[in-house]
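Okay, structure first, notes after.
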Amino acid sequence: MNWRALILISAVSAIVTLQACHDKGGIAKTDPLLKAYDVELDANDPQRVIPLNYQQAQGKRVFSNTCVWCHAEATPAGPSNRSNVTPTPPLFTDGETLNPLSDEFLQNTITLGGEAMGKSTMMPPWGQTLRQDEIRALVAYIRAVAQPPYQPAARPASQYPVK
Amino acid sequence: MTAEEMGKVSRRLRVSFAIASVAFVAVLAVSPVKDYFEEWKRYEKDYVRFAQTRPDTKHLLADFHTGIDQIWLPDMKVVDRCTTCHQGITQASLADSSVPQPFRAHPVIPHAAKEWGCAVCHRGQGPATEVAEAHETTLAWEQPILPTKYIQASCGSCHRGDIPQTPQLNRGRQLLSELNCAGCHRMQGIERPAMLGPDLTNVGNKVTREWIYKWLKEPHVVVDASGNTVVDGYETEEEPRMPQFRLSDQEITALSAYLSSLKSHPFEAYKFDPRVVADLATKPDLAELGQERFRQMFCTTCHSLAVTRGDETKLIGGYIGPELTKVASKVNPDWLTTWLRDPQSYLTHALMPRYQWSDEDLYKVTQYINQKLADPDLLSSVPQLETPTPEDIEFGQRLFQEKGCGSCHVIEGVSPQKDFGPDLSSLGGKNVSQLEFGSANIPRNIVAYIQAKITDPLSVNTAARMPQYRLTSADLDAITTALLSMTGNPSTSGLERLIVPQPRAEFRTAGAFGAVYERYKCYVCHRFNGFGGDLAPDLSFEGSRSQRQWTIDFLKNPQTLRPTLTFRMPQFNMSDQEAATIADYLGMVSQSQFVSVAGENLKQFGSEKAVMGKQLYEVKYQCQNCHTIGSSGGYVGPNLSNAGNWLNAAWIEQWLKNPQALVPGAIEPHRTFTDAEVEALTAYVLTLKQSGQPKATTAAAAAGGAQ
């Protein structure tokens with residue numbers, strides 16, 4: 001009688017353990033890149049893949065509709081309009097030029113145009129064409145693809161107004 | 001009982017009482033101890049410790065409170081406790097990817113978590129307070145977390161139409177419709193078009209039995225660019241819509257016998273004018289002349305041809321019509337001529353416009369196709385096929401039904417099949433226990449299930465009739481996303497209210513314009529009031545934009561306005577009468593509410609205005625950076641060399657004030673010009689005219705031309 005009970009108990013526990021292991025096997029392994037919303041190849045190093053979060057991916061979408069014409073070497077239509085513009089607009093991946101500029105400065109330059117911020121008059125104001133969240137997304141995208149990589153300031157400013 | 005005995009008993013009693021008390025306290029303590037070691041409490045403590053390492057500790061901790069945090073939305077039946085551990089999701093300073101999970105901020109999305117909850121999009125078990133229970137499939141809950149890669153599926157559950165924020169989902173929906181999945185499956189938001197595969201009632205008149213054999217055996221090779229397997233049709237952008245079915249040689253022989261016997265409506269071969277033929281047939285460069293005409297007519301806007309440059313063979317051209325590199329080895333030459341003259345007489349739903357052909361053009365082009373777009377070796381690998389026997393034909397007819405060919409192809413007299421494959425309209429919301437995994441050795445989740453069903457249908461069900469698709473991994477993910485978005489009808493009225501339905505539009509007209517519109521199939525490329533293709537400009541407001549005479553001239557000889565465009569409007573050889581009908585109709589109907597052409601066009605612009613406008617154009621706003629005039633300028637915007645003959649004054653004014661009001665998503669920045677600047681720029685643009693262009697007839701252009 002005891003033997004029978006022992007066998008029964010061990011069989012049940014074996015089944016439960018196996019079942020548990022089986023369930024564990026069912027969870028798909030996650031590739032960190034697959035967790036990204038969207039990815040982009042580095043313009044200078046095609047081996048490097050840059051994962052983009054939601055906001056950066058939205059920035060990429062706005063960029064490739066509006067900005068790509070003058071701020072990239074290649075456009076959806078083929079050649080770039082960059083060479084027609086003087087002074088030559090910086091490439092969107094140009095970290096050396098764009099990294100030292102603050103997020104607020106970039107957002108203002110896009111919103112109000114180059115002239116208002118003491119930059120090239122060739123940069124038109126986009127504040128009425130693009131929404132503010134689209135402009136913030138654009139800056140987030142530019143930061144993600146910058147070469148050399150963008151390092152945010154060590155101590156981010158408080159997001160709350162000073163009382 | 002003696003006193004001694006009494007003492008004994010009481011001692012025994014006392015011991016057992018003590019043991020019982022300890023046991024009782026221990027049992028009582030189980031619950032608080034268990035509670036103390038709850039998983040979520042550990043995360044809360046970790047969060048407090050983490051917040052102390054951040055520069056904005058004070059603000060982070062001000063928003064923090066201990067205990068289970070819950071988002072409760074009764075009308076959506078949302079009870080989400082995810083924020084108990086995911087403390088930082090609304091803290092903008094924790095957005096950086098270096099912040100460890102579960103504390104990282106949620107990326108900024110249009111919907112706030114407090115109003116929607118988390119599980120609505122991410123799935124998983126909202127009320128759970130343990131990591132495994134919340135994220136994974138458990139006995140009590142069968143919806144695990146949706147991998148972030150497919151998160152756009154959740155957008156699609158409510159947004160039934162395409163939105164620009166979800167490119168992966170849009171691509172998936174596009175593929176489901178392009179690959180004709182609607183032929184066999186019912187799906188949410190994917191309409192079954194009038195024609196999926198071609199009508200085969202007369203296919204025996206069009207192609208040979210050998211060609212049908214080859215096509216059924218290896219469709220991707222027949223449409224292949226080079227005629228052999230150098231380019232795999234599936235790997236180019238232009239995937240053939242006919243997938244590869246798993247058919248044995250014997251089955252293919254029978255099907256080809258049946259299909260090639262379908263010749264119930266013979267066509268009459270077109271008789272060319274013998275003088276035209278006599279004149280052209282002797283020309284040694286006849287094929288080259290035909291090729292030139294083929295190019296001039298911009299056939300490649302819809303059809304692609306294989307072009308070999310160096311070692312690389314590529315398909316160049318559009319994807320609306322079939323690829324034509326070897327078409328002469330496929331179709332009967334007499335059929336080709338009849339088709340070009342009137343495609344709808346063979347196939348009622350054909351998208352090909354009915355061109356206005358002169359005998360000369362038709363002869364040249366057909367000769368070019370027959371001589372140059374052919375490959376005598378195309379069918380060399382096909383075995384010798386005898387005249388079809390009645391048994392073969394009967395077997396083929398049965399196979400046509402059994403294999404589901406009738407789901408996409410119509411044959412007169414053969415009853416169509418409905419719902420041949422399983423209904424997929426609520427597949428995305430299915431629980432794991434509702435899926436038949438069969439013997440497939442794959443993880444037990446819906447993503448793995450969908451992908452196995454598409455990439456290797458036999459692994460899940462050995463009797464599957466689903467054909468073989470070869471998709472790139474990006475396309476497979478896109479299709480998976482689109483299928484996951486089909487979660488059926490919403491479970492709560494709160495969710496039902498949130499559904500953004502797919503916009504539906506139909507633009508059909510009667511009368512003279514309706515006839516021309518149908519004849520030239522304008523809607524295949526152009527969009528009218530939300531209906532039609534997106535290859536060419538939206539014509540909903542074309543009447544406000546363009547002058548009548550310019551429209552007529554453009555239709556007669558379309559030259560491109562944007563030099564960088566690859567696809568151009570074909571030359572239909574339309575008559576003056578047809579061009580005038582279109583221009584009049586657009587002028588009457590395709591008007592924007594923001595532009596009053598009639599009033600504004602009478603405005604007189606003085607010549608000093610135009611001079612001022614030129615200054616503004618060239619110096620202050622430097623429009624030449626994007627627009628070309630003559631031979632210099634940028635090419636982001638359209639060429640303005642002939643804008644004075646092309647555009648209406650009222651349109652230019654409104655465009656300068658707010659371009660996106662006229663064309664949503666236009667690249668032109670919306671700037672703040674003063675009214676005087678708008679008038680000056682308009683006056684200048686109206687003076688831009690190219691010599692050799694016919695004089696415009698509208699009042700505004702006349703005024704502009706007078707300067």
Side-chain angles (χ1 to χ4, degrees), chain A residues 22-31 33-38 51-58 60-62 65-70 75-86 89 113 121-130 133 136-137 140 144 152 154-160, chain B residues 54-56 58-59 62 91-93 95-97 106-110 132 135-139 144 147-152 164-165 167-168 432 442-445 447-448 477 562-566 620-622 624-626 632-637 658-660 665-672:
Chain A
H22 189 76
D23 280 352
K24 278 277 182 290
I27 300 156
K29 264 191 203 160
T30 45
D31 174 347
L33 273 181
L34 301 189
K35 294 211 115 191
Y37 184 85
D38 197 356
L52 301 179
N53 70 20
Y54 176 83
Q55 192 186 22
Q56 292 157 349
Q58 294 308 318
K60 178 179 169 181
R61 177 176 64 78
V62 179
N65 183 49
T66 309
C67 322
V68 66
W69 311 100
C70 297
T75 67
S80 163
N81 195 42
R82 197 165 161 252
S83 52
N84 284 329
V85 186
T86 18
T121 53
M122 293 294 87
M123 171 77 180
W126 295 95
Q128 298 188 78
T129 316
L130 303 175
D133 63 298
R136 277 196 294 273
R155 283 179 71 89
S158 169
Q159 54 177 315
Y160 299 93
Chain B
R54 305 291 294 183
D56 53 345
K58 229 170 96 188
H59 297 298
Q91 299 290 357
S93 67
D96 189 21
S97 61
H106 196 280
V108 184
I109 58 163
H135 298 132
E136 293 161 17
T137 309
T138 65
L139 284 176
T148 318
K149 193 178 174 185
Y150 307 107
I151 197 70
Q152 292 176 15
Q165 286 87 345
Q168 191 184 27
V432 175
I442 49 170
R444 293 304 193 248
N445 64 49
V447 171
D477 285 339
R562 292 167 195 261
T564 52
L565 287 187
T566 1
K620 184 164 182 196
Y621 294 112
Q622 307 209 11
Q624 67 273 21
N625 279 325
C626 290
S632 68
Y635 30 75
V636 179
N658 186 354
Q660 281 76 27
I667 301 169
E668 174 113 23
H670 172 184
R671 332 181 61 134
T672 36

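All values below were derived from every heavy atom in this structure, side-chain atoms included, with hydrogens, water molecules and symmetry-related copies excluded. A quick note: this is a predicted structure, and the numbers were derived from the prediction, not measured. Letters A, B, ... mirror the listed sequences (proteins, then strands); counts begin at 1.
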Most heavy-atom pairs under 4.5 Å with chain A, out of Asn625(B), Asn658(B), Thr672(B), belong to Asn625(B)
Flag the one option from Gln624(B), Arg671(B), His670(B) with the top tally of heavy-atom pairs under 4.5 Å to chain A. His670(B)
Do the side chains of Val108(B) and Arg136(A) get nearer than 4.5 Å, heavy atoms only? no
Is any side-chain heavy atom of Gln56(A) closer than 4.5 Å to a side-chain heavy atom of Pro51(A)? no
State, to 0.1 Å, how close [X] and [Y] come at their nearest heavy-atom pair, and which atoms those are.
X	Y	value
Val432(B)	Asn445(B)	CG2-CA, 4.4 Å
Pro669(B)	Pro659(B)	O-CG, 3.9 Å
Gly665(B)	Asn65(A)	O-ND2, 3.8 Å

Checking [X] against chain A: side chain, backbone, both or neither under 4.5 Å from a heavy atom?
X	value
Glu668(B)	backbone
Ser632(B)	neither
Pro164(B)	both

Quick one: of Asn84(A), Thr121(A), Val85(A), Asp133(A), who has the most non-hydrogen atom pairs under 4.5 Å with chain B? Asn84(A)
